Number of protein chains: 2
Amino acid sequence: MSNDLIKSAHLKTAEIEKASHRDYFNIAISVDCVIFCYHEKELKVLAIKSDLEDFSGLYSLLGDLVRPDEDLDKASYRILMERTGMDDVYLEQVHTFGTIDRHPSGRVITTAYYSLIDAKHQKLRINNNDLQWVPVKQIRRMAFDHKLILDTCLDRLREQVMEHPVIFNLLPEKFSLRELQELYEAILQTDLDRRNFRKKIAIKDWLIDLNEMEDDVPHRPGKLYKLKPEYRRKSARRKMGGPRAAIA
Amino acid sequence: MSNDLIKSAHLKTAEIEKASHRDYFNIAISVDCVIFCYHEKELKVLAIKSDLEDFSGLYSLLGDLVRPDEDLDKASYRILMERTGMDDVYLEQVHTFGTIDRHPSGRVITTAYYSLIDAKHQKLRINNNDLQWVPVKQIRRMAFDHKLILDTCLDRLREQVMEHPVIFNLLPEKFSLRELQELYEAILQTDLDRRNFRKKIAIKDWLIDLNEMEDDVPHRPGKLYKLKPEYRRKSARRKMGGPRAAIA
DNA sequence: AGGAAATATGTACTAACAACACATTAAAAA
DNA sequence: TTTTTAATGTGTTGTTAGTACATATTTCCT
């Protein structure tokens, strides 16, 4: 190994181009997208039946190698666009997985993103038969380390959902408070008290009362709301305002 | 480009080894470590004077290419060990930076970690002259995108410090409440009320009263405390206990 | 017309947060 | 030795957010 030629990652051009090339450019990098939607009162993730023998019958996440001339974020938008037909979508990087044996075919380091999309959105097209929305709750195993990736993204989603108005990316533009509460319950896997839930949502002041009613429910319809436009975000907050003082 | 041969990242062995190799293994992957310490009432970061002409005079973070047979986490531990002589250190992955032009010598995607170490620890040896502890507050620019990386890690540190007992990795085993408060203030860049601070720390129940006193201060000495051993963590919490219900 | 199912709303208890002041101790200076 | 200085140590009050909990109302369905 030519590693004594390389003292730091901040390499001189000559070093990259000569000695190190054979050793150090032997790692592939990919992105994997955990694409969530909310449908039939369940949180679901877009997954595809693995075509590898090692993992036959198991689902895997949607991913691809990063192209040499492509930003990491762009690569995940590309996958989203290719698979769902949607851009203009909530997307956030979560973690990079790099254990040496995570891919059976060689060294592949992958960066995981999660994405939130509205299942009922018009542009959404899932054209492939092997491509499916799978309820998160019923996934026990996946191909590669994709169950770990899914769980990590799910944890992150749960964290985000408590602090930021990202959940609305999973809902249509107009929604009732019941739908919103059921979605929180599906994500957090808890039951929430309706009165306290409404109070807390009211305090956050994220919503606009549309003065419209549901019209497709077999019971007394609720009011419809939408998210205030200033809270629409296509990716997680880039820190506006310092940390809230939770320590003294 | 041979990308139509490659339908997903979950490649068959043949695909990796043949057609795609030239195109897709042309990205290098590195790790960069943002190593924090607390010294002289300031939060400092370990940095090295850049040896590249493009960035002469600027500091850069400590990083290196990931070796083909090395886990991502291992790579950052290696850097830490090489540079500080310390293992058994707090380390957490933060974000992966992958814009195509971030490195002047070629395509290098880097995964950033931050690390917390006790400046006064015996094992700590900084032997290189260009390697320095630089107060975070006085860093305006760095080489590459390292200022962005630093800021991202600093944001993450601030988030972590509010929720988890990670800050103690920056302190010696025994410390006074004043030292602890000053450290919070240095990290969060705010002033904290002493009485409220102590109350909140007491509630968290992280500390053991050692029944010892400071002996090196030019004023009335305070009591010394240490962190309860069960809260010592070498890396961030792997989620124990579900999310606290901040929404209803 | 009656029943089923969901909407809508308020109060009392508790826990955490913010603002704030004074007596005590030890070292340093006079 | 006395005085001064600078930090430690502690408690109360008002406010805000969190939790638990029950009843009247509206709409659909039969």
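So that the names make sense, note that chain A is the first sequence line, chain B the second, and so on, each numbered from 1. Treat the numbers as computed from the prediction; the structure is a model and nothing was measured.
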Whole-Å gap separating P (D:dG11) and NZ (B:K200): 19 Å
Of B:V217 and A:L177, the one whose nearest nucleotide on DNA chain C sits closer to the 5' end is A:L177
Would a line drawn from the ring center of A:F175 to the ring center of A:Y225 be shorter than 6.0 Å? no
Could you check how far CD1 of B:I203 sits from C1' of D:dG11, rounded to whole Å? 13 Å
Would you kindly give the NE2-to-P distance between B:H219 and D:dG9, to the nearest whole Å? 10 Å
Whole angstrom value for the distance that separates P of D:dG11 from CG of B:D193: 15 Å
CE of B:M86 to CG of B:L80, rounded to nearest 0.5 Å, is 8.5 Å
When the distance from CZ of A:R198 to P of D:dT19 is rounded to whole Å, what number comes out? 18 Å
Under 4.0 Å between any heavy atoms, over every strand shown, what does A:K223 touch: base, sugar-phosphate, or nothing? Just pick one. sugar-phosphate
Distance test, side-chain N/O of A:K199 to OP1/OP2 of D:dA17, below 4.0 Å: no
Mind checking if A:R178 touches a base, just sugar-phosphate, or nothing, with heavy atoms under 4.0 Å? sugar-phosphate
Quick one: B:Q181 CD to D:dG9 P, roughly how many Å, whole number? 12 Å
For A:R195, answer base if it contacts any base atom (sugar-phosphate contacts may also be present), sugar-phosphate if it contacts only those atoms, and nothing otherwise; contact means non-hydrogen atoms under 4.0 Å. base
Residues at least two apart in sequence or cross-chain that pass side chain to side chain donor-acceptor pair (under 3.5 Å) with B:Y38, listed by chain then number, are none
Value in whole Å for how far the P atom of D:dT10 lies from CD1 of B:I201: 15 Å
OP1 or OP2 of C:dA8 under 4.0 Å from side-chain N/O of A:R220: no
Go nucleotide by nucleotide along DNA chain C from the 5' end; which of A:R194 and A:P218 gets its closest nucleotide reached first? A:P218
Length of the CG-C1' vector between B:D209 and D:dT10, whole Å: 15 Å
Test log, rule side chain to side chain donor-acceptor pair (under 3.5 Å), inputs B:Y59 and B:Q132: CA-CA 9 Å; B:Y59 283 105; B:Q132 286 184 41; 3.3 Å; yes
Distance from A:C37 atom SG to A:L43 atom CG, nearest 0.5 Å? 7.5 Å
